[in-house]
Structure formats: structure tokens, C-alpha cells
Amino acid sequence: RFAQDGERLALQKECPGELMYFKAQFAIIDERYENALEYLRQALAFNPLDGAAYNDIALCMVELGVIEGVMEVFDQGIAVEPDYATIRHNKGWFLNQLGQPEAALKCFGAALSMEAGRAVTYENMANAYESLGRKAEALAAYKQALVCVKEPFVRIRIQIEQEIARLEHA
């Protein structure tokens, strides 16, 4: 729905960069990552200061198994839009996947300093703490994630509660 609304507004306002960005979102939803990359590159040609486009390029690269260059793309996006929390979160997620939890924690901290209510960032932070063997900090992060999840998201709340129970009984 978000992508549909964005595409409609971009067409109405004749914003070609935004239009390309939302075309990329449809391609991502359909798991057509190569197409999404092309649309995102076109979006950046219209607006080279679009941190979200850099973020999505990096994530499409990961989906395609292209790891080399991902960090540079994240860093480019952070350079052009330093107050975009999502790209810092995703860079942290990627670093954690690469086995660099300490570096990941710095990214998660930066994302949370911009948007304190990001439950998913607290969850990823908990994963990083766990991989470092820092159980108490992992538990605290999961508990903070639970505080951030709104009531309608029952499945997410249950998942986090299960992680808390698992750690408390480990």
C-alpha cells in the first residue's frame, strides 16, 4: 500500500526520482532485485541525496549475494543523509551478519539515538549482545523491544517474549 500511494503521488507531482524509487519498491516486493537496482540507480540520478535509495541498493545487493561493496553503499547513504536511522540500523544488521557485533552495536546505537522507539533495532541489538555472550544486555534489549512494540502486533510481541524466556532459562 505504501508503495502504491508513493507511486501515485510521484506521478501526480511529476517527481521522476520518487517514481523510480517506488518502482523499485514494487520490484523488491516481487523479489526482482536486479530490476530494483536499476530503478534505484535511476532514482539516485535524479536525487543523489536519497539515503533510502542507497539503503535499498545495499539490501538488494545482499539479496543477490553480492557482498563486496555493500558497506561502501551504506556509507554513501549515511554520508548524504546522516539522520536517516534506517540505513544505520541496516548497516548494523549487515555487520552483525558478517560477525562484527561490536561494530553492529555502534550502528544500532546511532539508529536508536535518532529514533528511540525502533523495536526491530532493539531486537537486532539483543542478537549482537548474545553473540558477544552479554546475556544481561541482550535481555535488556529484548525487554526494551517489547516496550516499543504496539499492541496490535501480537505475533511480534509473542516472538520477543519467547526470546526473553529462552534467555532467562538459559
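- Proximity of a side-chain donor or acceptor of K135 to a complementary backbone N or O of L167 within less than 3.5 Å is detected.
- Within the 4.5 Å cutoff, no side-chain heavy atoms of P48 are placed close to those of V80.
- Both L49 and L44 sit in one connected hydrophobic cluster of ILVMFWY residues. Membership requires side-chain heavy atoms under 4.5 Å apart, directly or through other members.
- In this structure, A128 and S131 approach most closely via the heavy-atom pair O-OG, 2.8 Å.
- We find the CE-CG distance between M71 and L95 to be 4.0 Å, quoted to the nearest 0.5 Å.
- Through direct or indirect side-chain contacts shorter than 4.5 Å among Ile, Leu, Val, Met, Phe, Trp and Tyr, V120 is connected to no other residue.
- A donor-acceptor pair under 3.5 Å links the side-chain atoms of H169 to the main chain of A165, judged by distance alone.
- Note: E102 CD to C107 SG = 12.0 Å, rounded to the nearest 0.5 Å.
- Counting non-hydrogen atoms of other residues, nucleotides and ligands closer than 6.0 Å to CD of E68 gives a total of 12 or fewer.
- Rounding to the nearest 0.5 Å gives a distance of 9.0 Å between CZ of F108 and CG of N90.
- In this structure, S113 has no side-chain contact (heavy atoms from CB on, under 4.5 Å) partners at least two apart in sequence or on a different chain.
- The two residues A104 and G92 have their closest heavy-atom pair at CB-O, 3.1 Å.
- When only modelled atom types and interatomic distance are considered, N47 and E18 share no side-chain donor-acceptor pair under 3.5 Å.
- Within the 4.5 Å cutoff, the side chain of I87 has no heavy atoms near those of the E81 side chain.
- Side-chain N/O atoms of T121 and R88 include no donor and acceptor closer than 3.5 Å.
- Inter-residue side-chain proximity for D75 and K91 is flagged as met; some heavy-atom pair is nearer than 4.5 Å.
- Two different hydrophobic clusters hold I78 and L112 under the rule that ILVMFWY side chains link at heavy-atom gaps under 4.5 Å.
- Under the 3.5 Å distance criterion, with hydrogens and angles disregarded, a donor-acceptor pair is assigned to the side chains of Y142 and E130.
- Between V62 and W93, some side-chain heavy-atom pair lies under the 4.5 Å cut-off.
- Using a cutoff of 4.0 Å between basic side-chain nitrogens and carboxylate oxygens, K143 and E123 are not scored as salt-bridged.
- Shown here for Y122 and C148, the closest heavy-atom pair between the two residues is CE1-SG, 3.8 Å.
- Here L37 contributes atom CG and I57 contributes atom CD1; the two are 6.5 Å apart, rounded to the nearest 0.5 Å.
- Under the 4.5 Å side-chain criterion, counting only non-hydrogen atoms from C-beta, I67 is in contact with F94.
- Shortest non-hydrogen contact noted between M125 and G109 is CE-N, 3.9 Å.
- Summarising the geometry, atom CG belonging to L59 is positioned 11.0 Å from atom CG belonging to L64; distances are rounded to the nearest 0.5 Å.
- By the 4.5 Å heavy-atom criterion applied to side chains, Y129 and N124 are not counted as neighbours.
- R118 places no side-chain N or O within donor-acceptor distance of the main-chain N or O of A111, the cut-off being under 3.5 Å.
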Quick one: do E38 and Q42 satisfy side chain to side chain donor-acceptor pair (under 3.5 Å)? Show the steps, please.
-> CA-CA 6 Å; E38 182 55 36; Q42 289 177 39; 3.2 Å; yes
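- In this structure, R157 and E151 have side chains that are in contact, with non-hydrogen atoms separated by less than 4.5 Å.
- Looking only at atom types and distance, the side chain of D56 has a donor-acceptor partner in the side chain of Y21 under 3.5 Å away.
- Partners of E163 according to the salt bridge (charged side-chain N to carboxylate O under 4.0 Å, His left out) rule, which considers only residues two or more places apart in sequence or in another chain, are R166.
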Determine, stepwise, if the pair M20 / L40 fulfils side chain to side chain contact (heavy atoms under 4.5 Å, CB included).
-> CA-CA 6 Å; M20 291 300 110; L40 291 164; over 6 Å; no
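- Note that CG of N96 is 8.0 Å distant from CG of L132, once rounded to the nearest 0.5 Å.
- The nearest pair of heavy atoms linking C60 to Y33 is SG-CD2, 3.9 Å.
- Contact annotation: the side chain of L105 approaches that of R134 to within less than 4.5 Å [non-hydrogen atoms, C-beta and beyond].
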